[in-house]
Novice: 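Take a look at this one; I'll ask things after.
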Amino acid sequence: QVQLVESGGGLVQAGGSLRLSCAASGRPFSRNAMGWFRQAPGKEREFVAATGWGSSSTYYADSVKGRFTISGDNAKNMMYLQMNSLKPEDTAVYYCAAKTGFGSVRRAADYNYWGQGTQVAVSS
């Protein structure tokens, strides 16, 4: 069983920062990428950022480019999302996910494992 657990969400004022963490545990598994997605009330889940696991490749949604930074620590089995200059439109539940097979790092359907999510709320 693979488990992904997010932490670090909370309430912050516009312009503030948060750092999300994702801890992977359970049986060892081979992944080629890990990513962050978010889902706001009444909206579809959307891609935020991804990193090639074991590589330096990173990918960002245009809406967060320059404000968010994704990173991974293979030794600790952890992934992070540093979020700066937060805006009210960043308010959502943020999900950590891992991809083990083919497909696009930007497409939620191509990910195999998901965490339960952590709430981020940005007040104006």
Side-chain angles (χ1 to χ4, degrees):
Q1 187 82 359
V2 173
Q3 287 186 321
L4 301 178
V5 179
E6 304 93 337
S7 61
L11 174 63
V12 64
Q13 287 189 333
S17 298
L18 283 173
R19 187 193 195 207
L20 303 184
S21 299
C22 173
S25 63
R27 65 170 178 82
F29 70 107
S30 177
R31 76 212 80 164
N32 53 50
M34 292 193 69
W36 290 97
F37 290 76
R38 66 187 182 188
Q39 188 166 17
K43 294 188 177 181
E44 291 188 356
R45 192 169 296 191
E46 66 173 0
F47 169 75
V48 175
T51 179
W53 204 250
S55 79
S56 59
S57 302
T58 56
Y59 312 84
Y60 296 95
D62 288 344
S63 59
V64 306
K65 200 173 294 183
R67 300 188 297 122
F68 290 11
T69 303
I70 189 171
S71 61
D73 187 330
N74 202 359
K76 295 183 179 179
N77 228 357
M78 296 287 295
M79 182 177 64
Y80 307 97
L81 185 67
Q82 178 66 42
M83 306 187 295
N84 298 328
S85 302
L86 282 161
K87 304 175 181 180
E89 51 263 44
D90 294 318
T91 294
V93 176
Y94 283 70
Y95 297 90
C96 162
K99 187 170 79 68
T100 64
F102 296 106
S104 170
V105 297
R106 298 176 182 270
R107 201 162 75 111
D110 289 333
Y111 283 76
N112 307 90
Y113 300 103
W114 290 86
Q116 293 299 308
T118 185
Q119 176 73 52
V120 171
V122 184
S123 63
S124 56

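Side chains are part of it too, since the values below use all heavy atoms of this structure and drop only hydrogens, waters and symmetry mates.
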Novice: Please say whether more than 12 non-hydrogen atoms of neighbouring residues, nucleotides or ligands are located less than 6.0 Å from CD in E89.
Specialist: yes
Novice: Tell me which one of F47, Y95, Y94 satisfies ring pair (Phe, Tyr, Trp, His ring centres under 6.0 Å) with F37.
Specialist: F47
Novice: Indicate, with yes or no, if Y60 and L18 share a hydrophobic cluster defined by side-chain heavy-atom contacts under 4.5 Å among Ile, Leu, Val, Met, Phe, Trp and Tyr.
Specialist: yes
Novice: Share the residues that join F102 in a hydrophobic cluster, the rule being Ile, Leu, Val, Met, Phe, Trp or Tyr side chains under 4.5 Å apart at the heavy-atom level.
Specialist: none
Novice: What pair of heavy atoms forms the shortest contact from A33 to Y111, and how long is it?
Specialist: O-CE2, 4.4 Å
Novice: Hey, could you give me the CG/OG distance between N74 and S55, rounded to the nearest 0.5 Å?
Specialist: 10.5 Å
Novice: Working to the nearest 0.5 Å, report the span between NZ of K87 and OG of S124.
Specialist: 14.0 Å
Novice: How about E6 and L20: do any of their side-chain heavy atoms sit closer than 4.5 Å?
Specialist: no
Novice: May I ask you to check whether Y113 and F29 place their ring centers less than 6.0 Å from one another?
Specialist: yes
Novice: With heavy-atom distances below 4.5 Å as the criterion, would you say the side chains of K76 and S21 are in contact?
Specialist: no
Novice: Does some side-chain heavy atom of V120 sit less than 4.5 Å from a side-chain heavy atom of M83?
Specialist: yes
Novice: Would you name the heavy atoms of T100 and S30 that are closest together and state the gap between them?
Specialist: CG2-O, 3.2 Å
Novice: About how many Å separate CD of Q39 and CD of E46, when rounded to the nearest 0.5 Å?
Specialist: 9.5 Å
Novice: Using every non-hydrogen atom in the two residues, find where A14 and P88 come nearest and quote the distance to one decimal.
Specialist: CB-CD, 4.1 Å
Novice: When you measure from the side chain of N77 to the backbone of A23, do you find a donor-acceptor pair of N or O atoms at a distance under 3.5 Å?
Specialist: no
Novice: Show the nearest heavy-atom pair for residues K99 and S104, with the distance to one decimal.
Specialist: CD-O, 4.0 Å
Novice: Could you list the residues that satisfy salt bridge (Lys or Arg N to Asp or Glu O under 4.0 Å) with D62, not counting sequence neighbours?
Specialist: K65
Novice: If you apply the rule side-chain contact (heavy atoms from CB on, under 4.5 Å), what do you find for F68 with L86, and how did you get there?
Specialist: CA-CA 9 Å; F68 290 11; L86 282 161; 3.8 Å; yes
Novice: Find out whether Q119 and L11 are in side-chain contact, i.e. whether some heavy atom of one side chain is under 4.5 Å from a heavy atom of the other.
Specialist: no
Novice: Does the Lys NZ or Arg CZ of R106 fall within the cation-pi geometry relative to Y59 - under 6.0 Å from the ring centre and within 45° of the axis?
Specialist: no
Novice: To the nearest 0.5 Å, what is the distance between OH (Y80) and CH2 (W36)?
Specialist: 10.5 Å
Novice: Specify the closest pair of heavy atoms between M34 and C96, including all atoms of both residues, with the distance to one decimal.
Specialist: CE-SG, 3.8 Å
Novice: State, yes or no, whether a side-chain contact exists between R19 and L81 at a heavy-atom distance under 4.5 Å.
Specialist: no
Novice: Determine whether R27 and V2 make a side-chain contact, defined as any pair of heavy atoms from C-beta on separated by less than 4.5 Å.
Specialist: yes
Novice: What are the two closest non-hydrogen atoms of G117 and V93, and how far apart are they?
Specialist: CA-CG1, 3.8 Å
Novice: Given the rule in the side-chain contact (heavy atoms from CB on, under 4.5 Å) test, do L4 and M79 qualify, once you have shown the distances and angles that lead to the verdict?
Specialist: CA-CA 10 Å; L4 301 178; M79 182 177 64; over 6 Å; no
